[in-house]
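Worksheet: one structure, shown below.
These numbers come from a predicted model, not from an experiment. So that the names make sense, note that chain A is the first sequence line, chain B the second, and so on, each numbered from 1.
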Number of protein chains: 2
Amino acid sequence: MAGGSREPGRSVTSKILAIFEAFEAAPGPMTLAEICSATGLPTSTVHRLLAELSSSELLERTSSGRYQVGIRLWELAQKAGRHLRETARPWIQDLAAVTNQGVTITVRKGRDSLVIDRAHGDQNLAVTSKVGSRLPLHASAAGKVLLAFETEWVRRNYLSEPLRKLTPVTHVDQRELEEELAAAAQDGYAQSLQEVRAGASAIAVPVFHSGQVASAICIVAEASRVTELKRYLPALRATAAKIENATRHLSRDAVIGAEYADGSLPQD
Amino acid sequence: MAGGSREPGRSVTSKILAIFEAFEAAPGPMTLAEICSATGLPTSTVHRLLAELSSSELLERTSSGRYQVGIRLWELAQKAGRHLRETARPWIQDLAAVTNQGVTITVRKGRDSLVIDRAHGDQNLAVTSKVGSRLPLHASAAGKVLLAFETEWVRRNYLSEPLRKLTPVTHVDQRELEEELAAAAQDGYAQSLQEVRAGASAIAVPVFHSGQVASAICIVAEASRVTELKRYLPALRATAAKIENATRHLSRDAVIGAEYADGSLPQD
DNA sequence: GCCCGGCTTCCACTGGGTGGGAAGCAGCTG
DNA sequence: CAGCTGCTTCCCACCCAGTGGAAGCCGGGC
């Protein structure tokens, strides 16, 4: 029988989530055994859940019998954040074409900035973060902008915890960052000179909605000097204004993640 | 007590899926009561599941207390089909910029074509299908291509069932379509002249991977004459070749949906 | 204030979920 | 090619997580 040593308190929902999170961390398709060890769930349980998820196409099986995230899940998820993404996309693409650089649009999600779309200039894809990737707020240009224009206590809260050094030049000193963010709020832009990845620098400006920062748009380039990045400011600002204008008619909830509603900063 | 009249045989997984599918059909955020009537599940059950899904951010609550699909679900789903989407994107965008028309890339999913990415030319977004939208294979240009280059029995199977007329000019006669698809296979492209939406026409070519159709790329324009659409053929073909080349190193499972693996055509 | 519709909480019951084990299977290896 | 090994699939008795009816709660309209 089963119950004897089973750890109680894990809902089915949490198990399903654990499985999907296992896929998020994995580099490619996974075998049953790999999923088991990643989630810590017993084989037969995982097997049954995988079979159920596969039958509804939330997962797919590769020809070798491994499992991978299914396109059906992608379909269901398309609704999330669609308004902002689709409204902003044309402007992002224009900006990428005009500047011939990589452009991203990001939102704040807890203590990270989350890339929700990007466009390329020519072929310089390598430096631009992928869609869906997360970066700590203090390292990326977009993150700094999102933080700089947040409410005082969100910013305080964020800076009070230890900050990770992604590269040798990532700013992690609290006092220094406070000043940098104050300057960013003043000037209306922030930059990150190789603070995320060596060789990649970026400049970002905020996009507002109903009086709050909703997102940030960011140009990523291989340039290493501020003066070069600053050239892009007028184009960036013009694009931000266009996006603000295009999203004005959208509801606040469609543009600003629901977590923002009460100003909370949930920890992961 | 509970069990008395409860309908057995519904797993938790199926209930969660039902909830997400309710969101897919809805135009915007939903209230608890709306989700209940959409799914047919009892209020308290839905309430508990929603609370659980919201706590893991798979769903979000709007400021008015309604529920909507959360960005976390979108994040988890980003992995699905990422390789094809991200590899193809630059070429799609270039094609859109060069032709100044809307461009989509689609894959076959059961009896539908599914738009997995798009790019715009100038501002003509209205005519191009949204990312994530499905269209029957016989109506869209991309669908015709996907069908024309499929194996004989998949095509037969598809044509044997009744076909829906999306507009007055949608081709639905089996014999006629068979000939049209044969011609498409011969010529290497297919078109749809206002067969999906009045005023929108399109031309599409296949993208192959390991000897099979993997996807189709499609130019959507307001043009209504074939000759105009045909102008885009060289550019389309060049783009398809570039994508084929860029995806060559990818595994078959990353490019072709797993359902293709055994050639099956699952019904919804 | 009172009513009404929808949201939230409560709680006893029970069947879907569970997971150890055993049988199947594919891919090596000597 | 038999024997082995690691993974997947199937089985089934047990029992707790999930269930859902009903009762409380909250807010907004009249």
Side-chain angles (χ1 to χ4, degrees), chain A residues 1-20 22-23 26-56 58-70 253 258 261-262, chain B residues 1-20 22-23 26-56 58-68 70 251 253 258 261-262:
Chain A
M1 67 96 226
S5 64
R6 112 160 92 170
E7 179 201 352
R10 296 209 63 176
S11 64
V12 179
T13 314
S14 79
K15 287 172 191 169
I16 292 174
L17 183 64
I19 290 175
F20 281 123
F23 281 107
M30 298 175 90
T31 66
L32 174 61
E34 283 164 357
I35 300 169
C36 289
S37 71
T39 57
L41 295 168
T43 313
S44 47
T45 301
V46 173
H47 182 259
R48 186 170 29 78
L49 289 175
L50 290 179
E52 217 163 349
L53 293 171
S54 303
S55 78
S56 42
L58 298 181
L59 295 180
E60 291 172 351
R61 301 205 70 174
T62 66
S63 40
S64 64
R66 285 153 186 269
Y67 295 86
Q68 64 184 9
V69 179
D253 292 308
D262 53 4
Chain B
M1 67 96 222
S5 65
R6 117 161 86 168
E7 180 201 351
R10 297 209 64 176
S11 64
V12 179
T13 314
S14 79
K15 287 172 191 170
I16 292 174
L17 183 63
I19 289 175
F20 282 123
F23 282 105
M30 299 175 90
T31 65
L32 174 62
E34 283 164 357
I35 299 168
C36 288
S37 72
T39 57
L41 295 168
T43 315
S44 48
T45 299
V46 173
H47 182 258
R48 186 171 28 78
L49 289 175
L50 291 179
E52 218 163 349
L53 293 171
S54 303
S55 78
S56 42
L58 298 180
L59 295 179
E60 290 173 351
R61 301 204 70 173
T62 67
S63 40
S64 64
R66 285 154 186 267
Y67 295 86
Q68 63 185 7
S251 88
D253 292 309
D262 53 4

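When the local axes at the two ends of the helix from C:dG1-D:dC30 to C:dG30-D:dC1 are compared, using 5 base pairs at each end, they differ in direction by 40° after rounding to 10°.
For the atom pair A:Leu17 CG and A:Ser11 OG, the distance stands at 9.0 Å (nearest 0.5 Å). Note: A:Leu41 CG to A:Arg48 CZ = 10.5 Å, rounded to the nearest 0.5 Å. The line from CD of A:Glu52 to CD1 of A:Ile16 is 7.0 Å long, rounded to the nearest 0.5 Å. To the nearest 0.5 Å, atom CD1 of residue A:Ile19 and atom CG of residue A:Leu50 are 5.0 Å apart.
The nearest whole Å value for the distance from the CG atom in A:Leu50 to the P atom in D:dC7 is 15 Å. Regarding A:Met30, its CE atom lies at a distance of 19 Å from the P atom of D:dG6, rounded to whole Å. Regarding B:Leu41, its CG atom lies at a distance of 11 Å from the C1' atom of D:dG20, rounded to whole Å. Summarising the geometry, the separation between CD1 on A:Ile16 and C1' on D:dG18 is reported as 13 Å, rounded to the nearest angstrom.
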Could you check B:Tyr67 against B:Leu53 for side-chain contact (heavy atoms from CB on, under 4.5 Å), going step by step and ending with a plain yes or no?
CA-CA 10 Å; B:Tyr67 295 86; B:Leu53 293 171; over 6 Å; no

Could you please spell out the steps behind the side-chain contact (heavy atoms from CB on, under 4.5 Å) verdict for A:Arg66 and B:Asp253?
CA-CA 10 Å; A:Arg66 285 153 186 269; B:Asp253 292 309; over 6 Å; no

Could you write nucleotides 3-10 of chain C as a row of B, S and -, 5' to 3', where a protein heavy atom under 4.0 Å of any base atom gives B, of only sugar-phosphate atoms gives S, and otherwise -?
----SBB-

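Side-chain N/O atoms of A:Lys15 include one lying less than 4.0 angstrom from OP1 or OP2 on C:dT18.
Using a 4.5 Å heavy-atom threshold, the side chains of A:Leu58 and B:Phe20 count as separate.
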Only distances under 3.5 Å count here; give the side-chain donor-acceptor pairs of residues 30-37 of chain B to other protein atoms, sequence neighbours excluded, each with its distance to 0.1 Å.
{"residue": "B:Thr31", "atom": "OG1", "partner": "B:Glu34", "partner atom": "N", "Å": "3.2"}
{"residue": "B:Glu34", "atom": "OE1", "partner": "B:Thr31", "partner atom": "N", "Å": "2.9"}
{"residue": "B:Ser37", "atom": "OG", "partner": "B:Glu34", "partner atom": "O", "Å": "3.2"}

